Amino acid sequence: MYSNPNIQHLTSNMIYIFCAPSGSGKSTMVKHLLHTYPNQFELSVSCTTRPPRGQEVHGKEYYFISVDEFQERIKNNEFIEYEQVYEGLYYGTLKEEITRIEKAGKQVLFDVDVKGGINLKRLLGERATSIFICPPSIDELRRRLIGRGDTSPEMIEKRIAKAAIEMEDMQHFDCIVTNDTLAHAFEQLDAIVKSNI
Ligand code: ADP
């Protein structure tokens, strides 16, 4: 399996990469792990050049940094991976973030989009388990997005269309967890984590 020699020294613990179409239950699964295994996991915080929205806090949702700083850090080879969504809008993961979490004695969780997750898995190789959270059906996904109450009807339809495309990438993941009932999904997740201890 390919792994980037650049980051070989970074970790010996298993890293978990979570991806899912929006509304499939990715945040619910990540929160479950953080609550069920306190002190074992920590969520990796990404960097972005976009400004904070609402109550977002530097170091919690993202590290909010300037375009100049982001580009400087690219030059210094400080990112595991980064993406420029459009001119001046960058997102990325600092290598330092993995080291920070591991120094605290914890395992890293990544909550990223499908493309980012496939990319991270390619770079981290066997040190990471990539997990795709799959909705039981598109109809149920629509019901959950409506139920969450934070997405407009137009946006829900956009997300449903995107979900169908993202589900084509499911095959690139190490594990697929079908989030039908919460109890069943948590059971599958716990089995994955326990198999890596
Ligand atoms: P994501 O992070 O993938 O966008 P969320 O974790 O926010 O998805 O879940 C979307 C909505 O579906 C939330 O309102 C959540 O409470 C609900 N949900 C998640 N899993 C289940 C489930 N197994 N059964 C019913 N509702 C669920």
Side-chain angles (χ1 to χ4, degrees), residues 14-38 40-48 50 52-57 59-64 81 83 85 89 91-93 97 101 106-121 124 128-194:
M14 187 52 75
I15 293 171
Y16 294 95
I17 303 166
F18 283 86
C19 300
S22 177
S24 306
K26 182 174 59 161
S27 315
T28 308
M29 296 301 126
V30 167
K31 276 188 202 138
H32 165 74
L33 282 190
L34 291 169
H35 280 110
T36 313
Y37 306 92
Q40 188 172 336
F41 297 110
E42 189 168 333
L43 201 51
S44 163
V45 177
S46 303
C47 283
T48 181
R50 79 153 169 78
R53 294 186 195 120
Q55 302 298 307
E56 288 180 333
V57 174
K60 189 163 175 258
E61 284 80 9
Y62 284 101
Y63 298 113
F64 297 99
E81 56 87 38
E83 190 188 346
V85 178
L89 177 62
Y91 288 91
T93 306
E97 185 63 1
I101 294 172
K106 296 185 180 177
Q107 287 178 274
V108 183
L109 301 183
F110 281 106
D111 174 341
V112 289
D113 70 8
V114 173
K115 290 273 173 265
I118 292 172
N119 208 6
L120 273 174
K121 170 64 191 178
L124 291 167
T129 299
S130 60
I131 303 173
F132 190 94
I133 310 296
C134 184
S137 68
I138 291 290
D139 282 348
E140 178 59 19
L141 180 64
R142 184 181 282 108
R143 271 193 289 278
R144 286 183 192 170
L145 281 168
I146 294 168
R148 200 167 62 182
D150 62 356
T151 314
S152 68
E154 302 79 56
M155 192 52 90
I156 286 176
E157 288 318 309
K158 276 193 188 148
R159 293 204 168 155
I160 296 288
K162 195 171 173 203
I165 295 166
E166 288 174 325
M167 280 162 73
E168 288 172 13
D169 278 331
M170 216 165 11
Q171 51 175 322
H172 299 298
F173 286 76
D174 295 321
C175 307
I176 297 166
V177 168
T178 304
N179 182 16
D180 38 22
T181 66
L182 275 184
H184 184 225
F186 290 165
E187 199 181 294
Q188 295 171 73
L189 203 52
D190 292 345
I192 294 166
V193 169
K194 287 195 176 117

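Side chains included, hydrogens not; waters and symmetry mates left out as well; all remaining heavy atoms used. All figures in this text were calculated on a predicted structure; none of them were measured in a lab. Counting starts at 1 for both ligands and their atoms, following the listed order.
Using a cutoff of 4.0 Å between basic side-chain nitrogens and carboxylate oxygens, Arg159 and Glu154 are not scored as salt-bridged.
Residues lining ligand 1 at a heavy-atom distance below 4.0 Å are given as Pro21, Ser22, Gly23, Ser24, Gly25, Lys26, Ser27, Thr28, Arg144, Arg148, Asn179, Asp180, Thr181, Leu182, ordered by chain and residue number.
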With a 3.5 Å cut-off and sequence neighbours excluded, list the donor-acceptor pairs that the side chains of residues 113-120 form with protein atoms.
{"unit_1": "Asp113", "atom_1": "OD1", "unit_2": "Gly116", "atom_2": "N", "d": "2.7"}
{"unit_1": "Lys115", "atom_1": "NZ", "unit_2": "Asp169", "atom_2": "OD2", "d": "3.0"}
{"unit_1": "Asn119", "atom_1": "OD1", "unit_2": "Arg122", "atom_2": "NH2", "d": "2.8"}

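At a cut-off of 3.5 Å, with distance as the only test, no side-chain donor of Gln107 or Tyr37 sits close to an acceptor on the other residue.
When the shell of 6.0 Å around CD of Gln171 is examined, it contains more than 12 heavy atoms from other residues, nucleotides or ligands.
Under the ring-ring contact (aromatic ring centres under 6.0 Å, His included) criterion, His184 pairs with no residue, sequence neighbours left out. For Glu42, the salt bridge (Lys or Arg N to Asp or Glu O under 4.0 Å) criterion is met by Arg100, Lys106, not counting sequence neighbours.
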